Undergrad: 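Encoded as structure tokens, here's the structure I'll be asking about.
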There are 2 protein chains.
Amino acid sequence: MESNRKTNNINHSVSVDCVVFGFDGFSLKVLLVQRDLRDNLDNGDDTLVLPGDLIYIDEDLEDAASRVLLDLTGIDNLFLEQIGAFGSLNRLAKDRDKVWLDLVRPIPESRVITIGYFALVNIKNYTIRPAGFAKHVIWEDFNEVGELGFDHNHILRTAIIKLRNKLYHEPVGFKLLPKYFPLNHLYTLYNTILNSKLDRRNFLRRILKTGFLKETDNFQEGVPHKPARLYKFIEKEFENDNNHKFKFY
Amino acid sequence: MESNRKTNNINHSVSVDCVVFGFDGFSLKVLLVQRDLRDNLDNGDDTLVLPGDLIYIDEDLEDAASRVLLDLTGIDNLFLEQIGAFGSLNRLAKDRDKVWLDLVRPIPESRVITIGYFALVNIKNYTIRPAGFAKHVIWEDFNEVGELGFDHNHILRTAIIKLRNKLYHEPVGFKLLPKYFPLNHLYTLYNTILNSKLDRRNFLRRILKTGFLKETDNFQEGVPHKPARLYKFIEKEFENDNNHKFKFY
DNA sequence: CCAAAAGTGTTGATGCTACACCCATGA
DNA sequence: TCATGGGTGTAGCATCAACACTTTTGG
């Protein structure tokens, strides 16, 4: 289905860009691609960008985001959520961006509105595809992301805010961890993403009280200290019970 | 500037749609337009839709939303916030929608992605423009909105969720009220939008504690009971202090 | 035996909920 | 004088924050 797409099947006005977050146990990572190499061009531009693409005219937005990520990770069915639309007139106007657009886009001057998505992945499951496109993909430390192409720093800032809010309000942190994990990984995950220093005992007590965790009989292996018990996430319907009356914060 | 726009200056792939919320003291209202009359056509289709339009190719998204609302209310500079992008392939596919598109759109079959915005207005300030376009605009009770055209029920559902969340977390309720208002209007506003029955005394205590309200020396007039003191909103930087640690809800 | 992280309770303070009566005004 | 909503305080309960030492394992 990808193969029989044609250039004139492309919607030249709308793209998707994906912010893929991962967690390696220590820091938050973001998937970035080197845009020049992406089409095996090389004009010395090593600008990093978020993975993204123009959509096809007969393709749903979220499908387009999935397609981009499938190409990168080889994995379908990622957790995906829309960040929003980014459409300012100058979002593609940097000089280096224009050079790149001229090289690879059929209609380089087209005004493109992009729809941002973010994904949460377990960084170990989805080892980046070794071939082609994916060879030029890197996991960048979130705190070390430099200037990206286009308006991608803006998209990324919006994404991290969404992620933080989600982390406060919904059980999504688990999506960044493997199936079995010690509680302290979850703890450092929260501290890292929220850049806070939560009280460890209070954190553990509360996270257990949510009922989303089940202890297993497995323990860490190969660690140079007392191995921690592994827990797993329990799927259960999360009631976003809006009985938290009003409260500004 | 509107007058020298041309048809070929239109971006036929992207539109904006606006959910305008108002509050009349009793119930939440939404601004809807009768789409057929909108261009002075009349084929018996009285379907209601959210106000919206295709964007111009040289127009920022939010500017497009502002333009649509300016046309309706005559007022510029509304509080506007993006809801998100809506782009499913069948969002314009209902039979009646297609009839309408054939009538008014230069490229009726174009696949259009729309960006939703919502606005909060003081329903009394912005009396709908009496002329032209606006004559066919109505304030519909939120709970009585029927089936709208296109995917506009979907957009509206997304908007109300955003509004509720914002009401919980940020001082935005004031935007729906006039400059001076009695506390009970604010109270019923919260109860109406959150459809809850907050304890009145606890609500008043907490809303005052936020420091966003200042009492004035003015009182209600013309009410058949003890006139309530009027308050006004205090503009001050709202620190979305993320010191509410983690907590699922 | 040493290093490293795991695991584990209590207390005081704060904030939340629940609850009912009198007052001021206009008609 | 009556009807209507305005305005006001407290007490018990639940939740949160702060805080440190012992245990287990691997090396």
Side-chain angles (χ1 to χ4, degrees), chain A residues 23-27 167-169 177-178 180-192 194-211 213-232 241-249, chain B residues 23-27 167-169 177-178 180-192 194 196-232 241-249:
Chain A
F23 182 71
D24 66 358
F26 302 98
S27 58
L167 214 53
Y168 281 126
H169 299 302
L177 293 175
Y180 299 96
F181 53 87
L183 290 181
N184 265 18
H185 282 196
L186 193 58
Y187 171 65
T188 59
L189 186 156
Y190 271 82
N191 274 328
T192 305
L194 304 179
N195 46 41
S196 55
K197 283 175 202 150
L198 303 171
D199 181 276
R200 194 161 125 269
R201 279 185 284 186
N202 291 337
F203 175 85
L204 296 176
R205 185 186 311 120
R206 287 201 293 188
I207 202 89
L208 286 172
K209 207 175 57 179
T210 65
L213 291 175
K214 177 132 178 248
E215 67 173 34
T216 72
D217 294 330
N218 305 321
F219 291 80
Q220 282 182 307
E221 288 173 15
V223 289
H225 55 78
K226 174 175 175 182
R229 182 185 290 275
L230 301 181
Y231 284 73
K232 66 177 178 180
D241 50 343
N242 288 343
N243 70 355
H244 54 122
K245 309 306 180 192
F246 95 99
K247 199 185 292 181
F248 293 163
Y249 52 10
Chain B
F23 182 70
D24 65 358
F26 303 98
S27 58
L167 214 52
Y168 281 125
H169 299 303
L177 294 174
Y180 299 96
F181 53 87
L183 292 181
N184 265 18
H185 282 195
L186 194 58
Y187 172 64
T188 59
L189 186 156
Y190 270 82
N191 274 328
T192 304
L194 305 179
S196 56
K197 283 175 203 151
L198 302 172
D199 182 275
R200 193 161 124 271
R201 279 185 285 186
N202 292 335
F203 175 85
L204 295 176
R205 190 187 3 259
R206 287 202 292 188
I207 202 89
L208 285 172
K209 206 175 55 178
T210 64
F212 282 97
L213 290 176
K214 176 128 179 256
E215 68 174 32
T216 71
D217 293 330
N218 306 320
F219 291 80
Q220 282 180 307
E221 287 173 15
V223 288
H225 56 76
K226 175 176 175 181
R229 182 184 291 275
L230 300 181
Y231 285 73
K232 67 177 179 179
D241 50 342
N242 288 344
N243 70 354
H244 53 123
K245 310 305 181 193
F246 95 98
K247 201 185 291 182
F248 294 163
Y249 52 10

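Side chains are part of it too, since the values below use all heavy atoms of this structure and drop only hydrogens, waters and symmetry mates. Values in this document were obtained by computation on a predicted structure and should not be read as measured data. We name chains A, B, ... by the order of the sequence lines, and we start the count at 1 in each one.
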Undergrad: At their closest point, which heavy atom of A/Gln220 faces which heavy atom of A/Pro227, and how far apart are they?
TA: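 For A/Gln220 and A/Pro227, the tightest heavy-atom pair comes out as O-CB, 3.2 Å.
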Undergrad: Could you check how far OH of B/Tyr231 sits from C1' of D/dG6, rounded to whole Å?
TA: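 Atom-to-atom, B/Tyr231 to D/dG6, this comes out as 11 Å.
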Undergrad: Roughly how many Å is it from CD in B/Gln220 to P in C/dC23, rounded to a whole number?
TA: 21 Å
Undergrad: Applying salt bridge (Lys or Arg N to Asp or Glu O under 4.0 Å), can you list everything that pairs with B/Asp199, at least two apart in sequence or on another chain?
TA: none
Undergrad: Using atom CD of A/Glu221 as one end and atom C1' of C/dA5 as the other, report the distance to the nearest whole Å.
TA: 17 Å
Undergrad: Roughly how far, to the nearest 0.5 Å, is CG of B/Leu177 from CG of B/Asp24?
TA: 11.0 Å
Undergrad: Output the rounded distance in Å from NE2 (B/His185) to P (D/dG6).
TA: 8 Å
Undergrad: Ignoring backbone atoms, test whether A/Asn184 places a side-chain nitrogen or oxygen under 4.0 Å from the OP1 or OP2 oxygen of C/dA6.
TA: yes
Undergrad: I need the CZ-P distance between B/Arg229 and C/dT25, as an integer number of Å.
TA: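 The answer, rounded to whole Å, is 12 Å.
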Undergrad: Just jot down the side-chain contact (heavy atoms from CB on, under 4.5 Å) partners of B/Thr216, sequence neighbours excluded, or say none.
TA: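 Listed in chain order: B/Tyr180, B/Asn218, B/Leu230, B/Lys232.
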Undergrad: Excluding sequence neighbours, so at least two apart, what forms ring pair (Phe, Tyr, Trp, His ring centres under 6.0 Å) with B/Tyr187?
TA: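 If we apply the ring pair (Phe, Tyr, Trp, His ring centres under 6.0 Å) test to B/Tyr187, skipping adjacent residues, the hits are B/Phe203.
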Undergrad: Rounded off to whole Å, could you give me the CG-to-C1' distance for the A/Asp199 and C/dG9 pair?
TA: 12 Å
Undergrad: Output the rounded distance in Å from CG (B/Leu204) to P (D/dT10).
TA: 17 Å
Undergrad: Provide, to the nearest angstrom, the distance between the CG atom belonging to B/Leu186 and the P atom belonging to D/dG6.
TA: 13 Å
Undergrad: For each nucleotide in nucleotides 20-27 of chain D, reading 5' to 3', give B when a protein heavy atom comes within less than 4.0 Å of its base, S when such contact involves only the sugar-phosphate, and - otherwise.
TA: B---BBS-
Undergrad: Each nucleotide N or O in nucleotides 10-15 of chain C that has a protein N or O under 3.5 Å away: list the pair and distance.
TA:
from: C/dT10; atom 1: O4; to: A/Arg205; atom 2: NH2; distance (Å): 3.2

Undergrad: Looking only at heavy atoms, what is the nearest atom pair of A/Thr188 and A/His185, with distance?
TA: OG1-O, 3.1 Å
Undergrad: Tell me, please, which residues at least two apart from A/Glu215 pass side-chain contact (heavy atoms from CB on, under 4.5 Å).
TA: A/Arg229, A/Tyr231
Undergrad: Taking only residues two or more places apart in sequence, or in another chain, which ones meet B/Phe219 in a ring pair (Phe, Tyr, Trp, His ring centres under 6.0 Å)?
TA: none
Undergrad: Let me see the working for A/Leu186 and A/Phe23 under side chain to side chain contact (heavy atoms under 4.5 Å, CB included), right down to the final yes or no.
TA: CA-CA 10 Å; A/Leu186 193 58; A/Phe23 182 71; over 6 Å; no
